[in-house]
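Okay, so here's the structure we're looking at.
We use all heavy atoms of the structure for the numbers below, so side chains are in, but hydrogens, waters and symmetry mates are not.
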Amino acid sequence: MNKIAVVILNWNGVKLLEQFLPSVVKYSSEATIYVADNASTDDSVAYIKEHFPTVQIVQNTDNFGFAQGYNEALQHIDAEIYALVNSDIEVTENWLKPILKTFEKEPKTAIIQPKILNFKNKQYFEYAGAAGGFIDRYGYPFCRGRIFDTLEKDNGQYDDNREIFWASGACFFIRSSVYKELKGFDADFFAHQEEIDLCWRAFNKNHITKYIADSVVYHVGGATLNESNPRKTFLNFRNSLLMLTKNLPNNALFKVLFLRLILDGIAGIKFLFEGKPTHLMAVIKAHFSFYRLFYKYYKKREQPQSKKYYKIKSIVYTYYVNNGRVFENLF
């Protein structure tokens, strides 16, 4: 069994592989590197075979999206630790060493995220993960270094190694034993927030998720679906509701879902006033899709914990009313 496998999920991303795979190969001598290809129709596989013959290829039979794409590929990869890395990630020298050291010293730590900075503006944190993720009572995610669209400059304020609630799927380390215990990502999510769901399920089983600042990567973000795409809005709102249905404590489930109906309605109205009617429709479609799927996801509940899962009651209220634009001002 390999100690660590770096697994890059790819779908028609030959241009991204050309740009970012070289850094992964150069700085990952401790790992076996795989590209899990989601049935690409471009020259991705041919490019890897020609230019990076040491990189192993796992070919999925269809474009399964993020969640099922990894679930399918990881069945064919034997390693103690999976490093799931987006194809638009640039890694840095020695990025794996502090991660491996933490796993070796802390047997209860199951999931790890590095510091994720913005590839296009490397002094700033990147939207997808930044310095580690949390959620509020209503399931809205935020990060140290990124709250909604406000990105902080990296001034060393998060140069610590600490426990977090969720780790970004852009660069996501997990013990293979825990991944199998949790039965991997929820394939029904397809893409977006499946990593938060997985981390919440790990939390419910008393596993620890950590942020390790000594490991640094740079992420482009939005390479598959950018922020302006209504499809991303749909998946984020729908999957957040599905995640809450699966994982909320019994005494909070229906109250929180009812309040989310109100809060998401406000978000939809905000999209309308911003001149984004397609995003308003995406929120509405997300709710109708959620209602259709509610019973299916209610049956997926696995003894949710009653312990406190949220860092703050309402990130929406704190951000827009109390001017909580950066993490240190939230409390």
Side-chain angles (χ1 to χ4, degrees), residues 20 23 66 83-92 95-96 98-99 102 109 111-136 138-174 191-200 202-203 208-227 232-233 235-236 239-240 243 309-312 314-316 318-320 323-331:
F20 294 103
S23 75
F66 182 95
L84 311 183
V85 180
N86 275 19
S87 58
D88 59 350
I89 288 277
E90 179 184 78
V91 305
T92 60
W95 71 297
L96 293 176
I99 305 289
T102 303
T109 296
I111 299 169
I112 292 177
Q113 176 201 303
K115 178 190 285 189
I116 303 177
L117 298 176
N118 191 329
F119 177 79
K120 297 175 182 177
N121 192 351
K122 294 186 175 181
Q123 294 181 315
Y124 283 81
F125 287 97
E126 209 281 316
Y127 183 91
F134 298 89
I135 60 173
D136 72 1
Y138 308 108
Y140 292 115
F142 60 98
C143 307
R144 299 195 306 161
R146 189 276 293 175
I147 301 175
F148 294 118
D149 294 328
T150 300
L151 295 167
E152 293 182 48
K153 187 176 182 179
D154 177 21
N155 295 314
Q157 67 271 42
Y158 304 121
D159 281 353
D160 54 357
N161 299 331
R162 60 159 293 174
E163 188 171 341
I164 56 178
F165 187 73
W166 61 269
S168 171
C171 194
F172 185 96
F173 294 79
I174 185 169
H192 296 294
Q193 302 212 26
E194 61 280 282
E195 78 269 47
I196 306 179
D197 170 69
L198 185 66
C199 290
W200 199 339
F203 172 83
I208 292 172
T209 298
K210 292 198 76 172
Y211 159 80
I212 303 298
D214 299 328
S215 176
V216 178
V217 303
Y218 299 97
H219 183 218
V220 174
T224 304
L225 286 177
N226 62 41
E227 295 301 314
K232 185 167 188 174
T233 299
L235 288 169
N236 273 327
N239 290 355
S240 176
M243 175 183 67
Y309 60 90
Y310 55 91
K311 189 75 175 175
I312 191 169
S314 174
I315 191 64
V316 176
T318 303
Y319 183 85
Y320 287 105
N323 199 32
R325 301 292 169 124
V326 298
F327 188 86
E328 65 180 11
N329 293 340
L330 295 181
F331 312 102

Taken to the nearest 0.5 Å, the spacing of Asn155 CG from Phe125 CZ works out to 8.5 Å
Do any N or O atoms from the side chain of Ser215 and from the backbone of Pro98 form a donor-acceptor pair under 3.5 angstrom? no
Heavy-atom closest contact (Ala170 atom, Ile116 atom, distance): CB-CD1, 4.5 Å
Please tell me if the side chains of Ile147 and Leu330 come closer than 4.5 Å, counting only heavy atoms from C-beta onward. yes
Check whether any side-chain N or O of Ser168 sits under 3.5 Å from a backbone N or O of Ala128 as a donor-acceptor pair, and report yes or no. yes
Rounding to 0.5 Å, atoms CD (Glu126) and CG (Asp88) come to a distance of 8.0 Å
For Asp159, is there an ion pair with Lys115 - N to carboxylate O distance below 4.0 angstrom? yes
How long is the span from the CD1 atom in Ile111 to the CZ atom in Phe203, to the nearest 0.5 Å? 12.0 Å
Residue pair Phe134 / Ile164, side-chain heavy-atom distance below 4.5 Å: yes
Is a side-chain donor or acceptor of Arg144 paired with a backbone partner of Gly132 at a separation under 3.5 angstrom? no
If you take all heavy atoms of Pro141 and Ile196, which pair is closest and at what distance? CB-CD1, 3.8 Å
Could I get the full list of ring pair (Phe, Tyr, Trp, His ring centres under 6.0 Å) partners for Trp166, not counting sequence neighbours? none
Is a side-chain N or O of Gln113 found less than 3.5 angstrom from the main chain of Ala130, in a donor-acceptor match? yes
Does any non-hydrogen side-chain atom of Lys311 lie less than 4.5 Å from one of Phe165? no
Hey, would you say the Tyr319 and Phe142 ring centroids sit under 6.0 Å apart? no
Would you indicate whether Lys120, at its atom NZ, is surrounded by more than 12 heavy atoms from other residues, nucleotides or ligands within a distance under 6.0 Å? no
Can you name the ring pair (Phe, Tyr, Trp, His ring centres under 6.0 Å) partners of Tyr140, sequence neighbours left out? none
What pairs with Phe119 under ring pair (Phe, Tyr, Trp, His ring centres under 6.0 Å), at least two apart in sequence or on another chain? Phe20
Would a 4.5 Å heavy-atom cut-off, applied to side chains only, mark Leu96 and Phe173 as touching? yes
How many angstroms lie between atom SG of Cys171 and atom CG of Asn86, to the nearest 0.5 angstrom? 8.5 Å
Any sub-3.5 Å donor-acceptor pair from Gln193's side-chain atoms to Asn236's backbone N or O? yes
Asp136 side chain to Ile315 backbone, donor-acceptor under 3.5 Å: yes
Least distance between heavy atoms, Leu151 atom then Tyr124 atom: O-CD2, 3.8 Å
Do Gln157 and Glu152 have a side chain donor and acceptor closer than 3.5 Å? yes
Rounded to the nearest 0.5 Å, how far does CG of Asp160 lie from CG of Asp214? 9.5 Å
Donor-acceptor pair, side chain of Tyr211 and main chain of Tyr158, under 3.5 angstrom: yes
Would Phe172 and Leu198 satisfy side chain to side chain contact (heavy atoms under 4.5 Å, CB included), going step by step from the backbone distance to the final call? CA-CA 11 Å; Phe172 185 96; Leu198 185 66; 3.8 Å; yes
Any side-chain heavy-atom pair of Asp154 and Leu117 under 4.5 Å: yes
Value rounded to 0.5 Å, distance of CG in Asn121 from OH in Tyr218: 11.0 Å
